[in-house]
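Everything on this sheet refers to the single structure shown next.
Proteins get letters first, then strands, A, B, ... in listed order; numbering begins at 1 in each. The figures here come from the full heavy-atom set of this structure, side chains too, leaving out hydrogens, waters and symmetry mates.
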Amino acid sequence: MLTAFARAFRTPDLRKKLLFTLGVLVLFRLGAHIPVPGVDYQNVNQCIKEAGGNGGLFGMINMFSGGALLQLTIFALGIMPYITASIILQLLTVVIPRLEALKKEGQAGTAKITQYTRYLTLALAILQGTGLVATAQSGTLFRTCQVGNQIVPDQSIFRTAVMVITMTAGTVMIMWLGELITDRGIGNGMSILMFTSIAAGFPSALWGIKKSGKIVGGWGEFAIVIAVGLAMVCLVVFVEQAQRRIPVQYAKRMIGRRSYGGTSTYIPVKVNQAGVIPVIFASSLLYIPALVVQFSGNSTSGWAQWISTNLTKGDHPIYLTLYFLLIVFFAFFYVAISFNPEEVADNMKKYGGFIPGIRAGRPTAEYLSYVLNRITWPGSLYLGLIALVPTVAIAFFQGSANNFPFGGTSILIIVGVGLETVKQIESQLQQRNYEGFLR
Amino acid sequence: MTEAIGSTATPESGRPADATEGALDSQTKKKRGGKRGKKGPFARMGLFYRQVIAELRKVVWPNRSDLMSYTTVVIVFVAVMIGIVTVIDWGFTELVKYVFG
């Protein structure tokens with residue numbers, strides 16, 4: 001199998017793509033380390049050390065930005081604004097007729113929607129950047145830190161504007177990097193960047209568990225966490241690979257002298273058809289209330305208090321319930337927008353295909369949506385449970401579960417993106433008649 | 001497809017079968033609809049639950065060797081990526097410390 005990795009690097013075309021992706025990732029990590037102008041680097045470092053990697057209010061979002069958020073670097077906002085923007089646009093596509101028309105238009109329409117997504121990203125980045133800079137200036141970013149209010153020494157309007165503009169530009173740059181990976185590299189850029197950010201937090205979080213552990217100098221906890229993580233990887237791969245195959249028979253037909261079709265194939269409906277997208281969407285949507293509170297500044301009013309006690313901690317029951325429900329909702333939502341039974345049924349009819357025992361046309365579409373609905377239920381429940389169970393389990397054993405590296409969310413994203421990317425490399429290898437990793 | 005049958009095959013053989021099928025279809029539909037109408041929400045949920053189980057039975061689950069190979073590949077890939085990112089991060093941390101610290 002390792003030879004397959006080597007073979008991937010020996011194929012010139014694939015090697016180019018892999019190296020390109022790695023190069024973009026290096027740039028991405030570089031940006032996550034360069035501090036924004038106007039930040040006192042030493043004070044920030046001291047505060048991060050005191051906080052001990054526990055992001056508190058920003059735990060989840062800090063994980064998604066690969067630790068860049070608390071360090072106030074130029075890529076501090078990470079890929080989150082882009083993801084939030086694309087969720088909002090996908091939600092709006094269902095609501096606003098004009099966007100729906102654009103989506104149906106094909107390539108040109110999709111390009112237009114992408115354009116809108118970029119503008120929305122820009123707006124969100126400005127909003128989020130302003131919020132972050134404001135909290136950094138007032139010292140609420142690190143509440144417990146002594147020099148917390150000296151992170152930004154010069155608080156003039158000009159300096160603030162420069163900081164916000166830098167962070168916004170950083171976000172736009174990340175967006176561009178993501179699109180570059182999608183176009184010229186391997187895998188989906190957005191998910192690869194997300195993957196990298198989460199992967200960046202793994203080693204230090206694992207080390208933190210080892211340090212805070214008590215069994216055999218922490219190695220006991222370390223081993224347990226690794227074992228649980230591997231078991232979860234196995235489980236996620238298992239469900240991710242499971243599919244319901246709907247048989248499709250193609251009618252034989254003669255075009256000229258040659259006969260076409262007459263084959264039987266199947267439509268693969270994965271148990272988890274939506275992939276990791278619902279988890280990403282749900283977690284980034286749940287961040288919005290915290291963002292609003294952070295932006296409104298005064299945390300004394302009733303609703304702000306309620307949100308910051310109930311919706312910002314990863315182990316609060318209300319947060320967990322809401323998270324679960326959102327994941328289930330987005331699983332159905334994403335399946336609904338990515339798999340259109342009527343379109344599939346229409347295409348099958350056009351090319352003379354049918355599901356044995358079901359008539360072509362509307363009955364086929366009805367059957368497809370019947371199967372899809374019934375298979376998505378267990379799929380979405382699985383997603384929600386996987387995302388929650390480790391968090392709940394850890395909350396019982398330890399106090400804070402926020403920065404647990406093998407939290408369900410990060411495991412799902414890491415394994416999902418890993419599987420997707422490996423499969424893409426595999427198919428590229430097979431195109432060139434090499435045998436891939438998976439035999 | 002139906003057009004092709006209608007034009008080439010004898011209409012007698014095609015239509016009656018079609019008609020009976022349609023009648024059957026409508027009959028079963030009526031029956032089902034009536035049942036559904038009478039049943040309470042719990043019974044309907046029960047029916048849905050049974051249908052979900054029935055669909056899950058038809059799912060093709062990966063076998064052991066597939067599962068093992070996919071899992072190892074993913075783990076190796078993730079481990080390699082984490083390794084690369086860690087090394088890059090370490091380098092940049094030192095660099096930034098040197099420049100700003």
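In this structure, A/Asn373 CG and B/Glu55 CD are separated by 10.5 Å, a value rounded to the nearest 0.5 Å. Within the model, atoms OG1 of B/Thr71 and CG of A/Leu419 stand 8.5 Å from one another, a figure rounded to the nearest 0.5 Å. To the nearest 0.5 Å, the span separating CE on B/Met81 from OG1 on A/Thr421 amounts to 8.0 Å. Taking CZ of A/Arg244 as the reference point, atom CH2 of B/Trp61 lies at 12.5 Å (rounded to 0.5 Å). The distance from the CZ atom of A/Arg29 to the CG atom of B/Asp89 is 4.0 Å, given to the nearest 0.5 Å. Atoms NZ and CD, from B/Lys58 and A/Gln243 in turn, are 15.5 Å apart once rounded to the nearest 0.5 Å.
Heavy-atom distances place the side chain of A/Val271, and not its backbone, under 4.5 Å from chain B. In this structure, the portions of A/Gln241 lying under 4.5 Å from any heavy atom of chain B include both its backbone and its side chain. Interface residue B/Ile84: only side-chain heavy atoms are found under 4.5 Å from chain A. Contact annotation for A/Tyr41: only side-chain heavy atoms (C-beta onward) come within less than 4.5 Å of a heavy atom of chain B. Using a 4.5 Å cut-off between heavy atoms, B/Thr86 contacts chain A through its side chain alone, with no backbone atom that close. In this structure, no portion of A/Ile246 lies under 4.5 Å from any heavy atom of chain B. Looking at A/Phe195, the atoms closer than 4.5 Å to chain B (heavy atoms on both sides) all sit in the side chain, from C-beta outward.
Counting only heavy atoms from C-beta outward, the side chains of B/Tyr70 and A/Val422 never approach each other to under 4.5 Å. Proximity of A/Leu25 to B/Val85: side-chain heavy atoms (C-beta onward) are nowhere separated by under 4.5 Å.
Heavy-atom pairs under 4.5 Å with chain B peak, among A/Val417, A/Val26, A/Leu22, A/Ile414, at A/Val26. The most heavy-atom pairs under 4.5 Å with chain B, out of A/Leu30, A/Ile375, A/Ile34, come from A/Leu30.
Ring planes of A/Trp377 and B/Phe48: perpendicular class, angle over 60° (limits at 30 and 60°).
Within a 6.0 Å radius of CH2 in B/Trp90, no more than 12 heavy atoms belonging to other residues, nucleotides or ligands are found.
Listed here is the closest heavy atom pair of A/Pro203 and B/Ile82: CG-CG2, 4.0 Å. Of all the heavy atoms in B/Leu67 and A/Cys234, the pair that sits closest is CD1-O, 3.9 Å.
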